[in-house]
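Just the heavy atoms: all of them, side chains too, but no hydrogens, waters or symmetry mates, feed the values below.
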Amino acid sequence: MPSSRSSSAPSPSPSHPFRNTTGLLVVIPDTIDVEEESRFYDELCDDQDARASRTSVPRSPQGPPSIFSHDIWLGDNSGESRAFARDVKISGWTNVGDKLGGAYVVYDCVIRTKEGTTIHAHKRYSAFVELYRALRQSLPRHQQHFVPALPPKSPFARYRPTFLDRRRRQLQYWLSAVLLHPEIGACQAVRFWVMD
């Protein structure tokens, strides 16, 4: 009895894998543009920083817990802040000197006090390092974990505008975390640093 299926049916011809795509195929050149790669790397880092800042939730201080919640602490939102600053921004930076004769970068830290006074403190990266060390030495052990790590140094990229803008934003986050903290923002080391 003959089979209803034919074994001599032609097999479908292989199709091109990108036949239905609408995008363009980009050919990578043999040469690498270092500046373009640097900009691309900075954009990737900025994207990662933005994603990390959206997903990170600030931790409550390790104080007496509320009887209502494990995430609300008795010191939260109680108006007990002794910090003198209300707002902290780093509005920009400037290069001082020439690159051959020992240039350095100065950041303009704009600090608005609770009384409404605006203080412009011009600080080098090394001044942030000095404040970090002073806080680590003077703060009690239970408060030291509230001081975040400083952004790392980068000797090869330190004069590139994309690097400086990224560092400005990271230092602004760091300085805000320190100056706006209800207890750390009121300590003597912070006050000396701002007024120096």
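- For Tyr132, there are no ring pair (Phe, Tyr, Trp, His ring centres under 6.0 Å) partners two or more places apart in sequence or in a different chain.
- To the nearest 0.5 Å, the span separating CD on Gln144 from CD on Gln137 amounts to 9.5 Å.
- Annotation for His181 and Ile184: closest pair ND1-N, 3.1 Å, computed over non-hydrogen atoms.
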Exercise for review: Test side-chain contact (heavy atoms from CB on, under 4.5 Å) on Val190 and Phe84 and set out the steps.
Suggested key: CA-CA 10 Å; Val190 168; Phe84 69 95; 4.0 Å; yes
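- Scored by the side-chain contact (heavy atoms from CB on, under 4.5 Å) test, Arg133 finds Val129 as partners (sequence neighbours excluded).
- The two residues Ala134 and Ala189 make their nearest non-hydrogen contact at CB-CB, 4.1 Å.
- Remark: Glu130 engages no residue in a side-chain contact (heavy atoms from CB on, under 4.5 Å) (not counting sequence neighbours).
- Partners of Trp174 according to the ring pair (Phe, Tyr, Trp, His ring centres under 6.0 Å) rule, which considers only residues two or more places apart in sequence or in another chain, do not exist here.
- Cluster annotation: Leu150 is connected to Phe163 through the hydrophobic network of ILVMFWY side chains, with a link wherever side-chain heavy atoms come within less than 4.5 Å.
- A 4.5 Å side-chain heavy-atom check between Leu131 and Phe192 finds every atom pair outside the cut-off.
- Transitive grouping of hydrophobic side chains (ILVMFWY, heavy atoms separated by less than 4.5 Å) keeps Val110 and Val178 in distinct clusters.
- Although no hydrogens or angles enter the test, the distance criterion places no donor-acceptor pair under 3.5 Å between the side chain of Thr117 and the main chain of Thr113.
- Note: Ile111 CD1 to Asp87 CG = 10.0 Å, rounded to the nearest 0.5 Å.
- The shortest distance between side-chain heavy atoms of Lys123 and Trp193 falls below 4.5 Å.
- Interatomic distance, Trp93 CH2 to Cys109 SG, rounded to the nearest 0.5 Å: 13.5 Å.
- Interatomic distance, OG1 of Thr94 versus NE2 of His122, reported as 9.0 Å (0.5 Å rounding).
- Judged purely by atom type and a 3.5 angstrom limit, Tyr125 has no side-chain atom pairing as donor or acceptor with the backbone of Val106.
- Residues satisfying the salt bridge (Lys or Arg N to Asp or Glu O under 4.0 Å) test with Asp108, not counting sequence neighbours, are none.
- The two residues Arg168 and Ser91 make their nearest non-hydrogen contact at CD-C, 4.2 Å.
- Between Val105 and Val96, the closest side-chain pair of non-hydrogen atoms is not below 4.5 Å.
- Remark: the backbone N or O of Ile90 is paired with a side-chain donor or acceptor of Gln172 at under 3.5 angstrom.
- Distance check: Leu180 CG to Arg86 CZ gives 11.0 Å after rounding to the nearest 0.5 Å.
- Taking OH from Tyr107 and CZ from Arg124, the interatomic distance works out to 11.0 Å, rounded to the nearest 0.5 Å.
- For Ser138, there are no side-chain hydrogen bond (donor to acceptor under 3.5 Å, both in side chains) partners two or more places apart in sequence or in a different chain.
- Closest approach of Ala85 to Leu179, counting heavy atoms only: CB-O, 4.1 Å.
- Contact between Arg167 and Lys153 at its shortest, heavy atoms only, is NH2-CA, 3.2 Å.
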